[in-house]
Structure formats: structure tokens, C-alpha cells
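Input: a single structure, listed below in C-alpha cells.
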Amino acid sequence: MSQIKAVRGTRDLLPPETELWNRVEATARRVLERYAFGEIRTPIFEDTQLFARGVGEETDIVSKEMYTWEDRPRAQSEKAQMLTLRPENTAGVVRAYIEHKLGDSGLLQKLYYIGPQFRRERPQKGRYRQFFQIGAEVIGPVSAGSESPLRDAEVLEMLATFLDELGVTGWTLELNSVGSAQDRPRYVEALRTALTDVAPTLCVDCQRRAVTNPLRVLDCKVPEDQEKIDALPKIADFLDEDSRAHFAQVCAALDACGVAYKVSPRLVRGLDYYTRTTFEFTHGGLGAQNALLGGGRYDGLSEMLGGPKAPGIGFAIGADRLVLTLQAQQVAQGASSAALLADAYIAPLGEAQQAESLVLARELRRASLRVELGDGTFRLKKSFEMGNKLARKIVLFGEEEAASGMVTVKDFQTGEQTKVPRGELAKMLGAQ
RNA sequence: GCGGCUAUAGUUCAGUGGCAGAACGCCGGUCUGUGGCACCGGAUGUCGUGGGUUCGACCCCCACUAGCCGCCCCA
């Protein structure tokens with residue numbers, strides 16, 4: 001019988017790596033809560049139509065990368081419903097915003113989420129079929145200030161703070177504006193026109209993109225093409241007055257608080273719902289998947305989903321990539337990824353001491369110490385060997401200790417060995 | 001979905017058409033209430049899976065699967 005393995009593009013996260021994941025998530029929660037975001041948990045699967053309408057029928061995500069299936073009808077009369085594992089979380093959050101009439105509060109909704117997303121793509125480093133995102137959305141009625149450029153700047157400043165607190169170094173914030181829902185189609189048309197002349201001189205990939213997805217030509221990395229691509233029409237020249245002023249204010253607010261950014265006229269994002277501000281935080285060392293996180297404004301998404309006017313801005317952090325980046329940094333700094341050592345390893349000496357050794361472990365654990373408990377059948381030498389791998393100190397608990405009430409403690413680092421009354425053990429091991 | 005590279009011990013990797021290897025790790029001993037260091041000994045395994053060629057395949061061929069790199073696209 002063949003071995004059952006994790007399916008392609010999925011993987012198990014094991015200790016000690018999960019410690020790093022927890023640190024990333026804990027840091028994100030801490031920072032987000034300082035900015036007064038609250039957590040939202042939406043279902044992991046939704047009606048397929050949500051993504052078709054929100055993300056865009058023609059996007060690759062919807063047209064070929066979703067895990068979609070037909071749900072089993074409960075009765076003959078019921079129509080089978082098409083369901084989809086969420087490929088991203090913004091559409092689900094906006095759906096919840098509409099469904100629960102959150103806009104009726106008259107307040108801005110600031111919601112964050114942490115969870116798995118699913119896309120049926122070809123796996124590579126930093127790209128999995130089940131991947132994890134940490135994201136947030138600021139959405140609400142216009143009267144609550146949801147369109148304000150200050151919201152954009154605040155979100156970007158928060159992300160910079162998050163990466164700094166996490167200790168990520170060497171990131172770059174790339175910023176652009178793709179204009180209003182009216183501006184973008186005009187620009188795409190102009191780009192298409194310009195490309196009819198230029199495309200034949202570009203790389204083969206670009207020749208294809210010029211026809212299938214002109215915006216993607218702007219992403220081309222072939223050095224020889226760069227000059228010609230720079231000469232193509234820029235979206236900045238197609239922005240209306242409002243979008244232009246909005247973008248200028250975002251930049252001004254970022255300048256004021258010293259968050260470094262690079263305006264990237266070529267940064268266009270793949271999802272249909274983006275308007276005006278779009279951004280990416282990138283990092284070298286991630287290969288082709290160089291975006292750590294991305295996001296932007298989606299002023300029309302709520303209406304696209306049949307809801308009220310509710311402009312918003314949000315982002316999604318690729319947690320898998322963030323973890324990869326942090327791991328690479330740790331290796332570069334020579335930091336060990338070894339598991340956290342316990343405060344003590346309790347070694348019962350002989351099976352007669354086993355029950356009481358659990359009592360001792362319980363006392364220490366209730367004092368918030370991290371404790372490993374050995375086994376009374378181990379030879380002393382083996383107890384020491386195991387203790388040395390698992391903990392900073394070993395506590396010997398044999399016949400002698402049980403009788404006298406004095407336990408023997410040895411520090412593995414200093415080699416120092418002492419006897420302490422059992423009642424003082426927790427304190428001696430560093431309990432608060 | 002397309003192209004390239006790869007798959008051998010727990011891990012990192014050598015290897016040859018004719019007995020399956022190293023290092024680290026693991027287990028045991030020197031050492032029966034004292035770890036690390038040292039020395040001695042031991043087990044590592046469906047050589048990714050399934051076919052084919054051959055007297056004989058870990059090696060050559062085909063298919064499949066998975067990983068990595070790139071493309072597409074994207075966090």
C-alpha cells in the first residue's frame with residue numbers, strides 16, 4: 001500500500017518552525033490592535049459567485065486557480081450550489097460587511113483576519129496551494145472618512161511598523177495609483193494602442209502579454225525591454241483630478257512620518273477591484289515570488305457585490321513568505337533555530353518515584369515553569385543525556401530525595417549541583 | 001497549464017551495469033546516583049512509485065508522483 005502524503009502544494013508546519021509562525025502572528029495582532037483593528041473570522045469556503053463578482057471573472061485566480069465544487073443538494077427541489085475555497089479574504093470580509101449592515105453604524109470598520117487561503121497554482125518556494133495570509137480592511141461609508149488618503153497612509157505606516165517590529169530588514173515599499181474605475185479602462189486602451197507599434201520589438205513573453213493582458217507588459221523583467229517599456233504611456237497621466245490629489249496626499253503623509261517608499265508607475269495589481277492607491281512591500285531573496293505583502297484601495301467593491309457604497313483599503317501579508325524571509329535572516333545572523341529549552345527536566349529515579357514525580361512536575365508547571373518529565377525506568381545516565389537535550393537544569397528525584405524532601409538540582413551549563421528543599425524549587429528555577 | 005533540474009539512511013550528501021557508502025544524528029558499552037568530551041561497538045535503507053531493457057539495474061530507457069528553478073499569475 002502506498003504511503004499517504006500531504007497533497008501537492010500543502011505541507012505540515014512542525015516545531016520549532018511553528019514558534020516562528022506564532023511570533024509572526026502574535027506581532028501582527030499586537031500591532032493591529034494598537035491601530036484599533038478587531039478580528040474577523042469568515043468562512044473558509046463561500047458561494048463561488050462571491051469571488052467571480054468580486055475578484056473578477058477574467059482574472060487567472062477565478063478562471064483557473066480556484067478549488068470549486070458542486071455542493072450536494074439536500075432535497076430534489078434544491079438547486080445544487082457551487083462552492084469555492086476562498087482564494088483570498090477581502091471578498092469574504094466585504095460580503096460580511098454587507099450582510100451584517102456594518103456600515104449602518106456610521107463608523108469605519110477596521111477588521112483583520114489571519115487564516116489559510118487556497119489557490120490551485122503550481123507550487124514553488126513561497127507559493128503553496130494552501131497558504132496563509134494576515135490581512136486587514138478599513139471600510140465604511142464615505143461620511144465616516146473611508147475615502148480619506150489619511151487611511152491609506154495610516155495603513156502603510158502600520159505595515160512599515162509591523163515589519164520593523166518583526167525585525168524584517170531590507171524591505172521596499174512600492175506605491176502607485178491606478179486611478180478610478182473609469183481611469184483604468186481608458187489607460188488600458190491607450191496602452192494597447194501604444195503596444196501595437198512597440199510590441200513586435202519586445203521579448204516573446206511581452207508580445208503575448210500585449211494581446212492577452214497588456215498591463216502585465218509593465219512587469220517585464222527583460223533588461224533590453226526596459227527602456228521601451230518606460231516610454232509607454234503611464235497610468236499617472238490618465239488619473240482624474242481627484243485621484244491625483246488623493247495620491248499626492250497619501251505621499252505627503254508618508255513623507256511626514258518618514259516612511260520610505262518608491263513610486264512605481266508600473267505597479268498594477270491583478271485583481272479587478274483595485275482603485276487608486278495600490279502597493280506592495282517587496283523583499284529580495286524570495287526569488288520570483290518577491291512580494292511579501294500587497295494591497296490597495298477598492299472603492300467600488302461593495303457595490304460590485306450588491307452592497308452600499310463603501311470605499312475601503314486593505315492588504316494581505318503572505319505569511320509563508322514572511323516566515324521564509326525571517327528564516328533566511330536568522331541563518332544569515334547565525335541564530336540557531338533549536339527548540340526552546342525547558343526550565344527543568346525532572347528525572348524520577350526508579351519506578352517507585354513516578355507518581356510523586358508527576359506531582360512535583362505539576363507544582364512547577366502551576367508556577368508557570370516549562371517542565372519536561374522523564375521516566376523512572378531510565379538509567380541515570382540516560383536521564384542526564386535526555387535532560388541535557390531538553391532542559392537547562394535537571395532535577396533528580398529518587399528514593400533519597402523523596403525521603404528527605406530535598407531535591408537535587410544540577411545546572412547543565414555550569415555543572416553546579418545543589419540540594420534544595422522541594423518547596424523552594426520553583427523559585428530556584430526562576431519562577432516569578 | 002508549459003519548460004528545465006532533482007529524488008539514495010532520521011538529516012546533509014557521495015557512489016558504481018556485479019555485496020548499499022560517508023559525515024552528523026540515533027542506540028548500546030567503557031561508566032549500575034551524574035550529561036557534555038573521548039574511545040569502542042551497533043542498526044540505519046522498498047536507493048521516490050510503477051513498468052521496461054539486461055544473465056544481472058540504485059545506475060540505462062519509459063511513465064507517474066513529489067520537490068526546486070523559471071514561465072503564466074500572484075501574497
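Residue numbers begin at 1 in each chain, while the letters A, B, ... track the order of the sequences. The basis for the numbers below is simple: all heavy atoms, side chains too, and nothing from hydrogens, waters or symmetry mates.
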Exercise. What is the distance, rounded to the nearest whole Å, between atom CG of A/D60 and atom C1' of B/C71?
Worked result: 12 Å
For this session: For RNA chain B, produce a single dot-bracket line, 5' to 3'. Pairs: Watson-Crick or G-U wobble, both distances under 3.5 Å. Symbols: ( ) within strand, [ ] crossing, | other strand, . unpaired.
Result: (((((((..((((....[..)))).(((((.......))))).....(((((..]....))))))))))))....
For this session: Using a 4.0 Å heavy-atom cut-off across all strands, classify A/G9 as base, sugar-phosphate, or nothing.
Result: sugar-phosphate
Exercise. Is a side-chain N or O of A/R11 found less than 3.5 angstrom from the main chain of A/A6, in a donor-acceptor match?
Worked result: no
Problem set entry | Spacing between A/K64 atom NZ and B/C71 atom C1', to the nearest angstrom | 11 Å
For this session: Quickly work out the A/D320 CG to B/A75 P distance and round it to whole Å.
Result: 14 Å
For this session: Give, for atom OG of A/S404 and atom CZ of A/R422, the distance between the pair rounded to the nearest 0.5 Å.
Result: 10.5 Å
Exercise. Is it true that a side-chain atom of A/T414 and a backbone atom of A/E416 form a donor plus acceptor pair closer than 3.5 Å?
Worked result: yes
Problem set entry | Test: A/K382 cationic atom under 6.0 Å from A/F378 six-membered ring centre, within 45° of axis | yes
For this session: Using whole Å, report how far CZ of A/R129 lies from P of B/C73.
Result: 18 Å
Exercise. Rounded to the nearest 0.5 Å, what separation is found between the CZ atom of A/R119 and the CD1 atom of A/I61?
Worked result: 3.5 Å
For this session: Measure from the side-chain N and O atoms of A/Y273 to the backbone N and O of A/S302, and report whether any donor-acceptor pair falls under 3.5 Å.
Result: no
Exercise. side-chain hydrogen bond (donor to acceptor under 3.5 Å, both in side chains) between A/D152 and A/T277: does it pass, once the steps are laid out?
Worked result: CA-CA 7 Å; A/D152 305 42; A/T277 309; 2.7 Å; yes
Exercise. Does OP1 or OP2 of B/C26 have a side-chain N or O of A/K389 closer than 4.0 Å?
Worked result: yes
Seminar exercise, completed: B/S/- along nucleotides 30-39 of chain B (protein heavy atoms under 4.0 Å) is -B-BBBB---
Exercise. Can a cation-pi geometry be assigned to A/R86 and A/F45, taking NZ or CZ under 6.0 Å from the six-membered ring centre and within 45° of the ring axis?
Worked result: no
For this session: Pick base, sugar-phosphate or nothing for A/G294, based on heavy-atom distances below 4.0 Å to the nucleic acid.
Result: sugar-phosphate
For this session: Could you check how far CZ of A/R122 sits from C1' of B/C5, rounded to whole Å?
Result: 12 Å
For this session: Grab the CD-C1' distance between A/Q124 and B/C5 for me, whole Å please.
Result: 14 Å
